[in-house]
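To start, the structure itself, in structure tokens.
Order of the sequence lines sets the chain letters (A, B, ...), proteins ahead of strands, with each chain counted from 1. Quantities reported herein were computed from a predicted structural model and do not represent experimental measurements.
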Amino acid sequence: MRHDFADMEKKWQRRWEESGVFHAENGSDKEKFFALIEFPYPSGAGLHIGHPRPYTALDIVARKRRMQGYNVLFPIGWDAFGLPTENYAIKNNIHPREVTKTNVARFKAQLQAIGLSFDWSREVNTTDPDYYKWTQWIFLKMFEHGLAYKSTMPVNWCTSCKCVLANEEVVNGVCERCGSEVVRREKSQWMLKITAYAQRLIDDLDTVDFLPRIKAQQLNWIGRSTGAEVDFDTTAGDKLKIYTTRVDTLFGATYMVISPEHPYVEKWKDRIENYAEVADYRYQSSKKSDFERTELAKDKTGVRIAGVNAINPANGAEIPVFVSDYVLMGYGTGAIMAVPGHDERDWEFARKFGLPIIEVVAGGDVTQAAFTDCETGTLVNSGFLDGMSVEEGKAAMIARLKAEGQGHEKVNYKLRDWVFSRQRYWGEPIPLVYCEKCGWVPVPENELPLRLPEVEKYEVTDNGESPLANCTDWVNTTCPRCGAAAKRETDTMPQWAGSSWYFLRYTDPHNDKALASPEALRYWTPVDWYNGGMEHTTLHLLYSRFWHKFLYDIGVAPTSEPYMKRTSHGMILGENGEKMSKSRGNVINPDDIIARYGADTMRLYEMFIGDFEKAAPWSDSGIRGCRRFLDRIIALAERVQEGKEYSAANEKAMHKTIKKVGEDIENLKFNTAIAAMMSLLNQLDEQGVNRAEFTDFITILNPFAPHLTEELNERFGGERMLAATAWPAYDESKTVDDVVELAVQVNGKLKGVITAAKDEEDERVLEIARADEKVSAALAGMQVVKSIVIKNKIVNFVVKPM
RNA sequence: GCCGGUGUGGCGGAACUGGCAGACGCCCGGGACUUAAAAUCCCGUGAGGUAACACUCGUACCGGUUCGAUCCCGGUCACCGGCACCA
């Protein structure tokens, strides 16, 4: 029999859509299950072969849960604002809206061809004004609550995109998107105060089921450290506040360093004897990009501030103050005490500038290298701390500083506030108006969405302003508060905005009164299972957790965490084991694969290709094995014996496989689930199969290869679609064998395999084992010192020569 | 440097968290069917060794614990991912 996969697959995709079997139901009293995949950015390149891997995985989970009676929400949408679309639009002179429309249509057709069980009636698009109305609304709420603020600060400026980037978007000093150089620039930006949520973002990780490596990466990114702030008196008559994690080494502080951007450079201007030199150093540093500043890190630079010294509060010593760009303004207080004996950077700096190095923790040789071990050292040369461990020393020093009003404990985070402005066209307009009299005033809620105006050109203006700045009709408005002439904010939001809350919209996507109704949110959220790429761990995943916590705080979201469970998939690599890319010429196009093998085969292969969580190279011959598997099932269908008798062997295999496939799906072990079904096919092929057995088989295969299994089910007169059929139950007692094989070892070396009844008495098992020919040969002339029987598994005779 | 992970046949990968290493698939070899090829089906396939058995070795490397280690412990090496002048 020949199968026209293309027609057959289209037919079932149509049937599913017409029947609405995959529609999630609001207001149901069934138990819900919310499965979520990261909605794609509809790029011009079309769907990548990597997309279907996570999509199919959660599709399998969703299909199975539906068959198990859950009310399943498995939605899809488009994360469609963003630079690539805008750049393409500029280059080809097409409106970004049109580009988006085209790309979405293409993506949609491609996704539908895979047979994913999305509820297409809930499709969302971040560029739809009915959607971004609520993105703007959330921003305004944050503004109201003081979490959105404007700040002039050094920002990452991509020289090619002509756009500000968040720290997260700068990778190794270059733009994550285009790879161009990123420099620092002073700009006035909208910021979101994610740092206010740092501790909660850490703490609540304990309440969710994320892969350990995801939690570890988030913790790392947030970068909490516990230390102390200490005030140093200065000869300028003021106090210089520093942050340190090693207060125990205070006696070893022999100089201070402040960042070039530190405000004291200006504050002390009149006292600094070499101000010109200091100012020049500051200017030189400001010209360096972050990349240069860190890459050239090995060689420390700096300038001593002549005319101001600091007093070490531990011992009253007067110590010099330097400016150096190895101290960053953005972390701690922008100033440090330098303890060259016990900090590598300080040690290098001290060496270069000939500064004293004092050992205050014994255990190393500070003339050779900084001794940074906190576990083993004992404090020395430290007055009242002498003899203490590092930990004891910290506590004692903090107590004393507190008593003297010179310092206190302090927790710091590496996490910075989120730079939220983009000088670009294709993003959500920031709904604020600047009035000379009233300052920043929100656009009234009833005027949302604040739509993107039509403009002629999307290019950034030469001075780095958003293209919206040229749109004077739109920019010039009146103040919502006082009615005076005012100007709109012309920056737009970053791509991360729309994706920070999209999953909430799915619960009630057409609501025009709220981002979603409280009932829908209460029923559907949190997301039960969210799968996505590791590359989003510190960006999207953290941002959306932050937004969700805020929505929780203002009573919109019912839970403080958005996602109960987060898993991650590995990339699909090219056949040569390298990352797929046009330049490497190893790109596989999903359209071609579907045309050649069918969607079921592609689904199956992407699940069989390897460990779901790890990267795996594509293999053209590997996928043929999966197609062969389906062909063999079609062949087996021809040989189904109506009314074939009950077969104990088949029954056992069935129950075992149903159990294994069910469990493997829940554990992301799709590869072994498929292997188990391949084994089952081998068994049924040999033993013959009756209709009931065959039906159970295609039912558990249905989530993996939904089209073919529906077709076969229909051919066998199945009354309803497999998609609407119950997931088969298994009988635990029928998954266990009543006769088991045991390996028999002599001194740990395998000598033979015996069969015995399950849970057979140890004595009897030993008897059978001794009777085995090879075993008895191995035991001949030996004295058995010990006999070990592990139930249903193994027998081991420990022997020595007689 | 810090954090996380990985290392198993020619290849992708299995192995109930201490119990027959290599499931399942790919590739490859042999055979059947065919005028022939493709497709399909059957057999074989970790390495050494043997006429065939036997036997020996084998989960990156070295050592340890154990009746028994891919799994646990100590050390070494290699690779991948994240962070990184964060005091």
Side-chain angles (χ1 to χ4, degrees), chain A residues 171-172 211-221 223-225 227 242-246 249 257 259 293-298 300 324-328 330-339 342-346 348-349 372 412-416 534-535 537-538 570-571 575 577 604-605 608-611 613-626 628-629 631-632 635 660 663 669 671-682 685 741-754 774 777 785-799:
Chain A
V171 177
N172 293 330
L211 290 179
R213 57 189 170 130
I214 295 175
K215 288 190 185 183
Q217 256 185 46
Q218 289 213 342
L219 286 174
N220 210 339
W221 186 262
R224 181 192 152 108
S225 76
I242 61 99
Y243 173 72
T244 180
T245 54
R246 292 295 303 276
T249 62
V257 185
S259 160
R293 234 170 117 153
T294 54
E295 260 322 279
L296 307 172
K298 290 105 218 169
K300 298 275 180 293
S324 173
D325 61 8
Y326 84 90
V327 171
L328 310 171
Y331 184 76
T333 62
I336 62 158
M337 65 174 196
V339 184
H342 307 282
D343 181 279
E344 283 169 27
R345 297 151 300 188
D346 298 345
E348 276 173 44
F349 190 90
T372 56
N412 257 320
Y413 304 90
K414 290 185 198 169
L415 186 70
R416 316 278 173 86
M534 279 308 286
E535 70 275 20
T537 303
T538 52
M571 253 192 302
E575 289 226 62
L604 213 45
Y605 179 59
F608 188 62
I609 193 167
D611 183 337
E613 292 181 37
K614 294 200 197 115
W618 183 267
S619 159
D620 261 335
S621 49
I623 193 172
R624 266 179 251 131
C626 287
R628 211 168 285 155
F629 171 59
D631 286 339
R632 287 183 60 204
K660 175 148 182 69
E663 290 173 354
K669 298 272 182 194
N671 52 342
T672 51
I674 293 168
M677 290 188 283
M678 286 173 168
S679 295
L680 179 64
L681 172 66
N682 292 341
D685 230 352
E741 290 196 332
L742 291 96
V744 183
Q745 299 179 338
V746 175
N747 281 352
K749 300 222 170 196
L750 182 70
K751 290 297 167 189
V753 178
I754 59 168
K774 280 185 194 160
V785 182
K786 201 170 166 189
S787 308
I788 295 156
V789 179
I790 306 297
K791 277 254 180 295
N792 304 322
K793 283 192 173 145
I794 206 161
V795 178
N796 193 6
F797 293 106
V798 185
V799 301

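The neighbour count for A:E575 CD, taken as heavy atoms of other residues, nucleotides or ligands under 6.0 Å away, is above 12.
The same atom, P, is picked in B:A38 and in B:U70; the two are 42 Å apart, to the nearest Å. When the C1' atom is used for both B:U17 and B:C73, the distance is 16 Å, rounded to whole Å. B:A52 sits 35 Å from B:A15 when the P atoms are compared, rounded to a whole Å.
A:L219 places its CG atom 22 Å from the P atom of B:G81, with the value rounded to the nearest Å. Protein atom CD1 of A:I788 is 3 Å distant from nucleotide atom C1' of B:C67, rounded to whole Å. Look at NZ on A:K749: it is 18 Å from P on B:U66, rounded to the nearest Å. Between A:F629 atom CZ and B:A39 atom C1' there is a gap of 19 Å when expressed in whole angstrom units. The distance between atom CD of A:Q745 and atom P of B:A21, rounded to the nearest whole Å, is 7 Å. The interatomic distance linking A:M571 (CE) with B:G5 (P) rounds to 19 Å, in whole Å.
We find that A:E613 and A:R213 are joined by a salt bridge, their nearest charged nitrogen and carboxylate oxygen being less than 4.0 Å apart.
Contact between A:S787 and A:F797 at its shortest, heavy atoms only, is OG-CD2, 3.7 Å. Nearest heavy atoms, A:R416 versus A:G330: NE-O, 3.7 Å. Annotation for A:A616 and A:I609: closest pair CB-CG1, 3.8 Å, computed over non-hydrogen atoms. Between A:F349 and A:K300 the shortest heavy-atom distance is CD1-CB, 3.7 Å.
Here the nucleotide nearest the side chain of A:L750, chosen from B:A21, B:G4, B:C26, is B:A21.
Backbone-only engagement by A:N682 is indicated by non-hydrogen atom pairs under 4.0 Å involving sugar-phosphate atoms exclusively. The residue A:E741 sits close to a base: some heavy atom pair falls under 4.0 Å. Among the heavy atoms of the strands, none lies under 4.0 Å from A:T537.
Side-chain atoms of A:Q217 stay outside donor-acceptor range of the base of B:C83, with no qualifying N/O pair under 3.5 Å. Below the 3.5 angstrom threshold, one finds no donor paired with an acceptor across the side chain of A:N220 and the base of B:C83. Counting atom types as modelled, A:K414 pairs no side-chain N or O with a base atom of B:C83 as donor and acceptor under 3.5 Å.
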What does nucleotides 10-17 of chain B look like as a protein-contact string, B for base, S for sugar-phosphate only, - for none, at under 4.0 angstrom between heavy atoms? --BSS-B-
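Residues A:R246 and A:V339 form no side-chain contact, since every pair of their non-hydrogen atoms from C-beta on lies 4.5 Å or further apart.
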Please determine whether side-chain hydrogen bond (donor to acceptor under 3.5 Å, both in side chains) holds for the pair A:Y331 and A:S259, giving the CA-CA distance in whole Å, both sets of side-chain angles, and the decisive distance to 0.1 Å. CA-CA 10 Å; A:Y331 184 76; A:S259 160; over 6 Å; no
What does the 5'-to-3' dot-bracket notation of RNA chain B look like when only Watson-Crick and G-U wobble pairs under 3.5 Å count, and pairs to other strands show as |? (((((((..(((......[....))).(((((.......))))).(((......)))..(((((..]....))))))))))))....
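Side-chain contact of A:S225 with A:Y413: a donor-acceptor pair under 3.5 Å is absent, judged by distance alone.
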